[in-house]
Amino acid sequence: MSAAIIDGKAFAARVRAQVAEGVAALAGHGIVPGLAVVLVGEDPASQVYVRSKGRLTVEVGMQSFEHRLPADTGEDTLLDLIAQLNADPAVNGVLVQLPLPGHLNSDLVINAIDPAKDVDGFHISNVGLLGTGQKAMVPCTPLGCLMMLRDHLGSLSGLEAVVLGRSNIVGKPMAQLLLGDSCTVTVAHSRTRDLPDVCRRADILVAAVGRPQMVPGDWIKPGATVIDVGINRVAHEGGTRLVGDVDFDSAAAVAGAITPVPGGVGPMTIACLLANTLTATCRAHGLAEPEGLTA
Ligand code: NDP
């Protein structure tokens, strides 16, 4: 193995420490940032995420508000709750845990959140602001990837970046962020021709596909920086284990640097949620934004 390992767990701990410092500084102004998380239904994975979000929110000194609603909650009830959270000055960030049960219209619900409190960055206004290079709330996972890339590479200007995947929550905002940092960006997807060749162009390869170990080492340009967003559970020795979208062993033999799974992008996502909540709080009070925690 020749690649440097980008340790997302350690980096996320640094980001959370920086957020905690920002929160402590706000206390001097009598401000305590608050993050409200809304969970509808009993999806086990979502329950785990919501629990760790709540724990880490409190750990950095913020207030955590959890709203757990039954799976059969009607749209009007959910929209009423969002309106209350939008109006509540103690709440600076509102996150509705996805996926929502099938009878609820996710777009309608997400777009009911006040864009200034939309710490997931999924509101259509924030999507537009990001796309036009304006100050937005930026989706947490791509923001975490960008922070890791900047930390590892310094300036990204002029680099060839290939983003594998075009979802609204990872691939598209990732591409916008890389473009914002002056990369030459290619977005690849399931209809892309000659995918291996496209990937081999990349100085920066971000894989967000959801297919276990799909990217082998011979798709990677020697020395490239590889960010593996994928989280896939696969059978392993009678149990299961997590793997990324990149075949770690063969990729690490070629890449210059690579994020592992687990312990790479995953921990950065919640750290960036907390960073976004701090940013939203500073903006709401007209205070200077924390440095290094935004795009
Ligand atoms: P989506 O399923 O929404 O999008 C997957 C994308 O990959 C699509 O654009 C799809 O193309 C593309 N794709 C699928 N198969 C292929 C293929 N064979 N060749 C090329 N492209 C392909 O997934 P998400 O973006 O939501 O998530 C991607 C991965 O990242 C998942 O493993 C998910 O678990 C993980 N993830 C991790 C997070 C973290 O915190 N670390 C947060 C969010 C996601 P097309 O559009 O043409 O169908």
Side-chain angles (χ1 to χ4, degrees), residues 5-13 15-16 37 43-46 48-53 56 95-100 106-107 110 119-122 127 130 137-149 161-178 185-202 205-216 218-220 226-234 240-248 251 258-276:
I5 305 298
I6 301 177
D7 183 347
K9 208 170 157 193
F11 192 14
V15 170
R16 291 199 307 274
V37 176
D43 178 63
S46 295
V48 172
Y49 291 141
V50 168
R51 249 198 314 277
S52 35
K53 281 170 188 170
L56 293 171
L95 179 150
V96 176
Q97 185 66 45
L98 299 177
L100 286 171
S106 300
D107 288 339
I110 296 302
V119 282
D120 250 346
F122 296 158
V127 174
L130 177 61
M137 294 306 305
V138 175
C140 304
T141 300
L143 178 59
C145 296
L146 182 76
M147 283 185 190
M148 289 197 283
L149 285 166
V162 173
V163 179
L164 207 40
R166 56 172 164 180
S167 72
N168 289 336
I169 63 166
V170 188
K172 283 180 196 156
M174 187 73 247
Q176 298 284 7
L177 288 171
L178 291 165
V185 182
T186 304
V187 183
H189 45 78
S190 66
R191 307 293 175 89
T192 297
R193 276 182 284 159
D194 301 327
L195 196 54
D197 276 354
V198 171
C199 291
R200 280 185 205 113
R201 292 209 294 261
L205 179 65
V206 181
V209 177
R211 294 193 181 268
Q213 299 169 306
M214 189 186 99
V215 179
D218 67 356
W219 290 18
I220 291 167
V226 178
I227 304 288
D228 191 353
V229 182
I231 301 178
N232 310 288
R233 193 166 282 284
V234 294
T240 62
R241 70 174 179 131
L242 292 182
V243 297
D245 291 340
V246 176
D247 177 42
F248 183 84
I258 186 166
T259 59
V261 177
V265 176
M268 287 299 289
T269 298
I270 296 187
C272 287
L273 172 68
L274 302 173
N276 276 351

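Residue numbers run from 1 in the order of the sequence given. Read the numbers this way: they start at 1 and go in the same order the structure lists the ligands and their atoms.
Nearest to atom 31 (C) of ligand 1 by heavy atom, out of Gly210, Cys272, Pro212, Pro173, is Gly210. With distances taken over non-hydrogen atoms, the option nearest atom 6 (C) of ligand 1 out of Gly144, Cys140, Gly165 is Gly165.
For the pair Ala188 and ligand 1, no heavy-atom separation below 4.0 Å is found. Residue contact annotation: Gly266 has a non-hydrogen atom under 4.0 Å from ligand 1. Distances shorter than 4.0 angstrom occur between a heavy atom of Asn232 and an atom of ligand 1. Judged by the shortest distance from any of its heavy atoms, Met214 lies inside the 4.0 Å radius around the atoms of ligand 1.
Across all their heavy atoms, Asp245 and Gly210 have their closest contact at OD2-N, 3.0 Å. Heavy-atom minimum distance, Ser46 versus Leu98: OG-O, 3.9 Å. In terms of heavy-atom proximity, Val127 sits nearest to Gly121 at CG2-O, 4.2 Å. Considering all non-hydrogen atoms of both residues, Cys145 and Val229 come closest at SG-CG2, 3.9 Å.
Remark: Ile227 CD1 to Met148 CE distance equals 5.0 Å, nearest 0.5 Å. Taking NZ of Lys53 as the reference point, atom CG of Leu274 lies at 10.0 Å (rounded to 0.5 Å). Atoms CG and CG, on Leu56 and Leu273 in that order, are 9.5 Å from each other to the nearest 0.5 Å. Rounded to the nearest 0.5 angstrom, Met174 CE and Thr141 OG1 are separated by 10.0 Å. A distance of 9.0 Å separates OH of Tyr49 from CG of Asp43, quoted to the nearest 0.5 Å. One distance of note links OG1 of Thr192 with CG of Asp197; it measures 12.0 Å at 0.5 Å rounding.
The protein heavy atom nearest to atom 36 (N) of ligand 1 is Val229 O, 3.7 Å. The protein atom (non-hydrogen) at minimum distance from atom 40 (O) of ligand 1 is Thr269 OG1, 2.8 Å. If you check which protein heavy atom lies closest to atom 7 (O) of ligand 1, you get Val209 CA, 3.5 Å. Considering only non-hydrogen protein atoms, atom 44 (C) of ligand 1 sits nearest to Val170 CG2, 3.9 Å. Taking atom 11 (O) of ligand 1 as the reference point, the nearest protein heavy-atom neighbour is Ser190 N, 3.3 Å. Closest to atom 3 (O) of ligand 1, if we only count protein heavy atoms, is Ser167 CB, 3.3 Å. Atom 46 (O) of ligand 1 has its closest protein heavy atom at Arg166 NE, 2.7 Å. At the shortest separation from atom 26 (O) of ligand 1 among protein heavy atoms lies Ile169 CD1, 3.6 Å.
Taking any N or O of Ile231, backbone or side chain, at least one lies under 3.5 Å from an N or O belonging to ligand 1. Polar contact check, Asp245 against ligand 1: no nitrogen or oxygen pair lies under 3.5 Å apart. At a 3.5 angstrom cut-off on N or O pairs, Arg211 counts as close to ligand 1.
Checked by atom type and distance alone, the side chain of Asn232 never pairs as donor or acceptor with a backbone atom of Gln213 at under 3.5 Å.
Counting the atoms of ligand 1 from 1 in the order shown, those under 4.0 Å from a heavy atom of Leu195 are 19 (N), 20 (C).
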